[in-house]
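Worksheet: the structure to be examined is printed underneath.
Each chain gets a letter, A, B and so on, in the order the sequences are listed, and its residues count up from 1.
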Amino acid sequence: MKTGRQKIGKAILWVILIAVAVIQLFPLIWLIDFSLGSSNEMFTSGLLIIPEKIRWDNYVKAFVDGNFLLYLKNSVLINTLAVVLVVIISIMAGYACRRMRWKLNNFVKTVLLLGMMIPIHATLLPNYKIYHSIGVIDTIWALLIPYVAFSLPQGLFLMTGFIESIPMELEEAAVMDGCGIYRIVFQIVTPLLKPSIATVAIMTFLNNWNEFIMASTYLSSPTWKTLPFSVLEFTGEYSSNYAVQFAVMALTAAPAVIVYIILNKHITKGVAMGAVKG
Amino acid sequence: MKKLYSNKWVIFTLVLPGVLVFLFAILAPICLSVYYGFTDYTGMSEENFIGLDNYVQLFHDSAFGRSLLNSLLLAIGFICIQHPLAIIVAAVLDKLQGKAEGIFRCIYFIPNVISVAVIAYLWKFIYNPDFGLLNNVLKIFGFEGQVNWLSQQNAIWSVLIVLIWHGFGWGMLIYYTGIKNIDPVLYEAASIDGAGWWTTFYRITLPLMKPVIQINVTMAIISALKQMETVYLLTNGGPANSTQFAANYLYQQAFKAFKYGYGNAIGVIFIIICVAVTVLLNTVFRDKQEA
């Protein structure tokens, strides 16, 4: 009797898990399937199509006309710079607020953390005006500054937590040896923060990689445009060729999905650490 | 040692970059928004100071009211549909051992790493009345007739479905981590006492997950308030503002309707609402935890 009930219970578990997996994944399978056919084949009443001929040329069009390489390069460059800056600035500020002795340490930390509450989109209008007047519109700075600014509070929050947990004795020994603060921060504390740096880097990357509303507000020429623009610009150009539009969407999604699948354990751990603490 | 750690110059240089970024990218724009919120600036001509007119107008603006209502609907959708599902799936996933656990966890999170631009356009196609996936799925279950998913009546529900679908993996992962942190000894004790799956879930998992649930609920409400990008691409607030959200509305007013001053007034109120809700939720949950 009991084994029978257990079997049914197990079956229900599997049904739930598979049903949710299908719901989460099927739209993406549909996307890839249609991207390999021709536009005419889409008007079917079935769920998926078996393309008469696999049309890789959809992807060639998407790759070339979607400016894929340029936008991918921009995305990688801007996001990497943003991650590096967020990590360095949050270690410095986190160390100063947690370890150094001064009156305003808690006040400064609270103020910097306030940024977490401010909705990014409310700053779009005034920032557009500011960037225009100082001439950074359409430059890499127009993206770097807000990307760093809005990831910094979370980075700082995580870093201060981790810095606190480092034993003071290590630093004391370094001070005895005549080490200055800068060397303590960058040569002794930073290497110990490796896991937290990974968490902050992953969170910053996830925050900014797919961002496009700031990019489309502050940029006008293709020089610094990021990956989402491949999709945004394409729909106008190929408005009737749906299959190519599907190809460009699949292509744009691919880098992040591939990296995620390869690094999935680390990313999952990073998100879990970051989100539960943040 | 003490002297080294209270060296003002060193402290100053360490916090300077962070403070500069905050002043320049967060505080300065907010101040500028407050200023423009009191003007009738269009984006081109000279601005005139018009006092509180924008705020009076905003108070009577039904589209802004609709935006807040939609945020509320979205928050309810997150809390009543996405989160219970996420908790249950996380609990079920925790029971699996071995490779399958990792594979499912990986699958559930995939939509989260895909750009909002792709997600929004993909769902536009899924909702397409001619060859969209959703109508074809309905046909298989025997429903005829082409449903217009993005009509004025249906659009807000269609938008909610996309957002609940897209954010599911994130919520699930956090609950999953919370469940993994529960001491397995408790489960062993429960099973020795003969507790079934449901009793264990209800008596052990849920109560111990309370702090995680509180964090997740807080984040869900705030992200419902801040929602913009998916809506911007999927419906742009339409038809007739039925899917409007505050962030999208202020953007439209400033850059499409050329009411830059009014857009900034919306921005100021929007910031105040977000800060107030965050503070409120934190105090409510903190009091509860202490009680």
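- Within the 4.5 angstrom heavy-atom criterion, atoms from both the backbone and the side chain of Phe212(A) approach chain B.
- By number of non-hydrogen pairs under 4.5 angstrom with chain A, the leading residue of Leu93(B), Ile26(B), Val10(B), Val15(B) is Val10(B).
- Inter-residue side-chain proximity for Trp209(A) and Leu227(A) is flagged as met; some heavy-atom pair is nearer than 4.5 Å.
- With a 4.5 Å cut-off on non-hydrogen atoms, Ile271(B) touches chain A through its backbone and its side chain both.
- The contact between Leu25(A) and chain B is made entirely by side chain atoms (from C-beta outward), counting heavy-atom distances below 4.5 Å.
- Among Val277(B), Ile126(B), Val279(B), the residue with the largest count of heavy-atom pairs under 4.5 Å with chain A is Ile126(B).
- Here the straight-line distance linking atom NZ of Lys225(A) with atom OG of Ser216(A) works out to 8.5 Å at 0.5 Å rounding.
- Interface remark: Leu206(A) contributes side-chain atoms only to the contact with chain B (heavy atom separation under 4.5 Å).
- Chosen from Thr123(A), Ile130(A), Ile16(A), the residue pairing most often with chain B at heavy-atom distances under 4.5 Å is Ile130(A).
- Using cut-offs of 30° and 60° for the angle between ring planes, the Phe246(A) and Phe125(B) rings count as tilted.
- Interface summary for chain A: among Thr13(B), Leu85(B), Leu225(B), the most heavy-atom pairs under 4.5 angstrom belong to Thr13(B).
- Neither the backbone nor the side chain of Phe229(A) comes within contact range of chain B; no heavy atom of the residue lies under 4.5 Å from a heavy atom of that chain.
- The structure places CG of Asn136(B) at 5.0 Å from NZ of Lys139(B), a figure rounded to the nearest 0.5 Å.
- Contacts of Val20(A) with chain B are made by both backbone and side-chain atoms, with heavy-atom separations under 4.5 Å.
- Other residues, nucleotides and ligands contribute over 12 non-hydrogen atoms within 6.0 Å of the NZ atom of Lys180(B).
- Looking at Phe205(A), there are no atoms closer than 4.5 Å to chain B (heavy atoms on both sides), in backbone or side chain.
- Of the listed residues (Ile110(B), Ile103(B), Val89(B)), the greatest number of heavy-atom pairs within a distance under 4.5 Å of chain A belongs to Ile110(B).
- In this structure, the portions of Ile118(A) lying under 4.5 Å from any heavy atom of chain B include both its backbone and its side chain.
- With a 4.5 Å cut-off on non-hydrogen atoms, Ile18(A) touches chain B through its backbone and its side chain both.
- Here the side chains of Phe109(B) and Val271(A) are in contact, with some heavy-atom distance below 4.5 Å.
- By the neighbour-count criterion of 12 heavy atoms within 6.0 Å, atom NZ of Lys256(B) is densely surrounded, having more than that number from other residues, nucleotides or ligands.
- Around the CH2 atom of Trp165(B), the shell of radius 6.0 Å holds more than 12 heavy atoms that belong to other residues, nucleotides or ligands.
- One side chain, Tyr251(B) or Thr217(A), offers a donor N or O that lies under 3.5 Å from an acceptor on the other.
- Using a 4.0 Å cut-off between a side-chain N of Lys or Arg and a carboxylate O of Asp or Glu, Glu101(B) and Lys95(B) do not qualify as a salt bridge.
- Other residues, nucleotides and ligands place more than 12 heavy atoms under 6.0 Å from the OH atom of Tyr182(A).
- Per-residue heavy-atom pair counts under 4.5 Å with chain B were compared for Leu232(A), Ile12(A), Leu31(A), and the maximum is reached by Leu232(A).
- Residue Tyr232(B) touches chain A through its side chain alone, counting heavy-atom pairs closer than 4.5 Å.
- Of the atoms belonging to Ile23(A), heavy atoms from both backbone and side chain fall under 4.5 Å from chain B.
- Heavy atoms closer than 4.5 Å to chain A are found in both the backbone and the side chain of Val19(B).
- For the set Thr268(A), Leu112(A), Leu17(A), Leu13(A), the entry with the most heavy-atom pairs within less than 4.5 Å of chain B is Leu17(A).
- Heavy atoms closer than 4.5 Å to chain A are found nowhere in Asn248(B), neither backbone nor side chain.
- Between chain B and the residues Pro27(A), Ala96(A), Ala250(A), the most heavy-atom pairs under 4.5 angstrom are made by Pro27(A).
- Neither the backbone nor the side chain of Ile222(B) comes within contact range of chain A; no heavy atom of the residue lies under 4.5 Å from a heavy atom of that chain.
- Counting non-hydrogen atoms of neighbouring residues, nucleotides and ligands closer than 6.0 angstrom, the CZ atom of Phe12(B) reaches no more than 12 such neighbours.
- Side-chain contact between Ile181(A) and Tyr95(A): present, with at least one pair of heavy atoms (C-beta onward) separated by less than 4.5 Å.
- Ring orientation note: the planes of Tyr260(B) and Tyr41(B) are nearly perpendicular, at an angle over 60° on the 30°/60° scale.
- Using a 4.5 Å cut-off between heavy atoms, Ile134(A) contacts chain B through its side chain alone, with no backbone atom that close.
- Residues Gln245(A) and Tyr121(B) have side chains that never bring a donor and an acceptor to within less than 3.5 angstrom of each other.
- Contact annotation for Leu96(B): only side-chain heavy atoms (C-beta onward) come within less than 4.5 Å of a heavy atom of chain A.
- Note: Pro111(B) leads Pro111(B), Gly267(B), Ala120(B) in heavy-atom pairs under 4.5 Å with chain A.
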>> Using ring-ring contact (aromatic ring centres under 6.0 Å, His included), reason through Trp123(B) and Tyr127(B) one step at a time and then give a plain yes or no.
In response: CA-CA 6 Å; Trp123(B) 277 86; Tyr127(B) 287 138; 5.5 Å; yes

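- At a 4.5 Å heavy-atom cutoff, the contact between Val111(A) and chain B is made by backbone and side-chain atoms alike.
- Between chain A and the residues Val113(B), Ile30(B), Thr278(B), Ile273(B), the largest count of heavy-atom pairs under 4.5 Å involves Val113(B).
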